[in-house]
Undergrad: 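Structure incoming, see below.
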Amino acid sequence: MTGSRSGSGTPYAPHTDAEVAAMLETIGLDEETDLFDIPDPVAFDGTLDIPSRSERAVRRELSRAFERNDDLTEFLGRGHYSHYVPSAVDHLSDRSEFLTSYTQYQPEITQGFLQALFEYQSILVELTGLPVANCSMYDAASALAEAATLADRVRSTSGDVVLVPEHLRAGKRAVLEGYCDGAGLTVESYPMDDGIADVDALADRLDETVVMVYAENPTVRGCIEERLAAIGDLASDDDALFVLGSDVLALSVLREPASVGADVVVGDAGALGLPTSYGMGLGLFACRETFLRQVPGRLVGTSEDAAGDRAYTLTLQTREQHIRKQRATSNICTNQAWVALRAAMHVVHLGPDGLVDLANECVRGAGRLAEQIDDISGYRAPLHDRHNFREFAIRCDQPAPAVASDLETEGFAVHAIDDHLLQACVTDQNTDAITDLVDVFGEVA
């Protein structure tokens with residue numbers, strides 16, 4: 001790379017001035033900017049017009065801006081959960097070997113990261129009971145969507161319907177529908193019965209047109225799905241794939257998905273290792289070995305190096321877009337490796353007993369809050385007469401948006417999910433504020 005090229009463009013472009021001139025001449029252009037049609041109002045004119053400031057001045061201004069934020073204690077859930085992340089996770093994951101690492105295509109120089117991702121996969125295998133797990137997806141929604149397209153590829157008979165529960169987060173369904181539209185699939189809902197799947201209604205709907213049945217445990221309202229094995233049997237009888245959604249913490253105390261007939265498990269692994277991010281996630285994806293070559297994303301496997309020692313490498317990459325092009329099983333072509341690393345670190349830091357203890361703390365906290373809210377006139381909690389994990393729905397006599405707004409004024413955030421329905425989520429991060437929240441519920445009532 002010549003000095004003149006690095007001075008006129010990016011230092012990372014591997015072309016000399018002569019090479020660039022030859023390419024432009026071939027396509028009939030005078031300069032590189034002719035390749036782009038950028039409107040004048042948004043075109044960069046060489047200056048950002050941002051006055052320079054000292055670091056101290058910038059920190060002062062940002063501090064003043066942050067002070068204007070509402071100081072809310074969040075009892076929010078519905079797919080985004082706040083658990084305490086040990087400082088060890090931050091310090092270890094911030095090491096440059098991890099933080100600056102690109103995709104681990106060169107195993108000879110990325111053994112450490114590859115081993116960490118292999119451990120992440122191993123954790124999911126142990127929690128789900130399924131033998132294959134990839135080393136991460138974008139988030140729970142895209143993992144669900146990839147499961148639908150996998151089902152379409154592997155199901156032996158015709159069919160184009162994906163059945164999902166009536167209670168499903170709108171954003172997750174929107175992502176699923178986006179993927180299914182391109183694959184020629186149709187998304188339909190089956191009804192719920194007091195917060196969990198109406199299995200009888202599902203049985204009536206199932207036929208040879210259904211390619212996949214999706215259920216969640218816990219549901220989006222925090223209810224424990226009680227008849228998963230029955231759902232799995234129904235799906236199997238009609239040759240549909242049974243896909244189960246969950247999260248890495250809930251799986252530590254719930255029945256193994258493999259034991260209830262799940263073919264694929266998807267969901268959120270970022271419930272651990274990440275602070276609440278309201279968007280960025282970490283999708284988990286595990287499945288039966290039958291679908292090994294259809295799994296989207298990347299897999300880390302073990303092998304031996306020239307010395308006969310155990311070694312780690314990306315395997316079965318022929319599924320990927322950059323190798324197989326239009327015949328790839330997915331166009332994800334990347335992963336959330338660093339986020340998966342953090343999740344694995346958090347799980348290992350807790351250990352098997354600590355993971356179960358944290359999950360049980362969420363069960364007890366949600367039960368305590370629901371019981372105390374239910375004692376207040378004008379509220380019924382939990383709305384559904386089911387076992388709950390971490391969160392639950394609340395029926396209120398007053399309009400739910402107004403109640404949520406009043407709670408926010410007093411410093412607490414909950415979900416308003418319908419005209420007279422609220423939802424609250426309890427984790428280790430907000431259990432100390434349960435009493436204060438209950439007091440405010442009483443004042444609002």
Side-chain angles (χ1 to χ4, degrees), residues 78-80 137-193 195-223 225 227-228 230-247 257 260-268 279 281 283-288 291 294-297 328-332 417-418:
R78 295 180 66 83
H80 299 284
M137 305 289 288
Y138 294 132
D139 52 25
S142 59
L144 170 59
E146 293 282 4
T149 57
L150 180 148
D152 186 44
R153 292 193 301 272
V154 304
R155 188 172 183 267
S156 59
T157 57
S158 61
D160 60 4
V161 176
V162 173
L163 289 180
V164 300
E166 178 185 5
H167 295 166
L168 185 66
R169 194 158 52 87
K172 184 179 289 187
R173 175 156 184 158
V175 172
L176 174 63
E177 289 176 340
Y179 276 65
C180 286
D181 182 64
L185 300 172
T186 302
V187 180
E188 295 182 10
S189 299
Y190 59 84
M192 308 293 279
D193 177 20
I196 63 173
D198 186 335
V199 177
D200 293 333
L202 176 61
D204 291 339
R205 173 61 187 87
L206 270 166
D207 56 30
E208 70 278 358
T209 66
V210 177
V211 68
M212 185 185 102
V213 177
Y214 176 62
E216 293 186 327
N217 192 32
T219 69
V220 69
R221 294 188 179 180
C223 298
E225 189 61 68
R227 299 183 63 188
L228 286 173
I231 296 173
D233 289 342
L234 288 173
S236 178
D237 290 344
D238 279 283
D239 195 28
L241 253 66
F242 177 29
V243 178
L244 181 60
S246 192
D247 74 73
V260 295
D263 297 299
V264 179
V265 176
V266 298
D268 179 33
L284 66 88
F285 195 104
C287 66
R288 299 190 182 279
F291 311 131
Q294 296 290 332
V295 176
T329 58
S330 167
N331 67 355
I332 181 174
I417 59 174
D418 208 338

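All values reported here derive from a predicted model rather than from experimental measurement.
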Undergrad: Residues in side-chain contact (heavy atoms from CB on, under 4.5 Å) with A201, at least two apart?
TA: P191, D198

Undergrad: Tell me the closest heavy-atom pair linking V162 and C180, and the distance in Å.
TA: CG2-SG, 4.2 Å

Undergrad: Please report the interatomic distance OH(Y214) to CG(L144), rounded to the nearest 0.5 Å.
TA: 5.0 Å

Undergrad: Of all heavy-atom pairs between E166 and M192, which one has the smallest distance, and what is that distance?
TA: OE1-N, 3.2 Å

Undergrad: Answer yes or no: is there a side-chain heavy-atom contact under 4.5 Å between L241 and V264?
TA: yes

Undergrad: Go through T329 and R153 one step at a time and tell me if the side-chain contact (heavy atoms from CB on, under 4.5 Å) criterion holds.
TA: CA-CA 9 Å; T329 58; R153 292 193 301 272; 3.7 Å; yes

Undergrad: Quick one: CZ on R169 to CD1 on I417, what's the gap to the nearest 0.5 Å?
TA: 13.0 Å

Undergrad: Do the side chains of K172 and E216 get close enough for a salt bridge, i.e. N-O under 4.0 angstrom?
TA: yes

Undergrad: Search all heavy atoms of D160 against all heavy atoms of V211 and return the closest pair with its distance.
TA: C-CG1, 4.5 Å

Undergrad: Could you name each residue pair satisfying salt bridge (Lys or Arg N to Asp or Glu O under 4.0 Å) that touches residues 176-186, not counting sequence neighbours?
TA: R173-E177

Undergrad: Hey, what do you get for CG (L202) to CG (L206), rounding to the nearest 0.5 Å?
TA: 4.5 Å

Undergrad: Taking all heavy atoms of A215 and all of I231, pick out the closest pair and write down the distance.
TA: CB-CD1, 4.2 Å

Undergrad: With rounding to the nearest 0.5 Å, note down the distance linking CZ in F291 to CZ in F285.
TA: 9.0 Å

Undergrad: Can you name the nearest heavy-atom pair linking P165 to S189, along with the distance?
TA: O-OG, 4.3 Å

Undergrad: Would you check, one step at a time, whether the test side-chain contact (heavy atoms from CB on, under 4.5 Å) holds for V213 with V243?
TA: CA-CA 6 Å; V213 177; V243 178; over 6 Å; no

Undergrad: With side chains defined as the heavy atoms from C-beta onward, is the minimum distance between V199 and L234 less than 4.5 Å?
TA: yes

Undergrad: Would you call S236 and F242 a side-chain contact if the rule is heavy atoms closer than 4.5 Å?
TA: no

Undergrad: Quiz question: by atom type and distance under 3.5 Å, do the side chains of D139 and S142 form a donor-acceptor pair?
TA: yes

Undergrad: Using only atom types and a distance under 3.5 Å, with no angle test, would you say the side chain of R205 pairs donor to acceptor with the backbone of Y190?
TA: no

Undergrad: Starting at SG of C287, measure out to CD of E146 and round the result to the nearest 0.5 Å.
TA: 12.0 Å

Undergrad: Looking at T209 and V161, would you say the former's side chain and the latter's main chain have a donor-acceptor pair under 3.5 Å?
TA: no

Undergrad: Are any non-hydrogen side-chain atoms of T219 and E225 less than 4.5 angstrom apart?
TA: yes

Undergrad: If you define the side chain from C-beta out and look only at heavy atoms, does anything of P218 sit under 4.5 Å from S246?
TA: yes

Undergrad: Give a yes or no answer on whether the side chain of R227 reaches the backbone of A197 with a donor-acceptor pair at less than 3.5 Å.
TA: no

Undergrad: Check whether any side-chain heavy atom of L176 sits under 4.5 Å from a side-chain heavy atom of V187, and report yes or no.
TA: yes

Undergrad: Rounded to the nearest 0.5 Å, what's the gap from CG on D152 to CG on L185? Could you check?
TA: 4.5 Å

Undergrad: Determine the minimum heavy-atom distance between V265 and A262, stating which atoms define it.
TA: CG2-CB, 4.2 Å

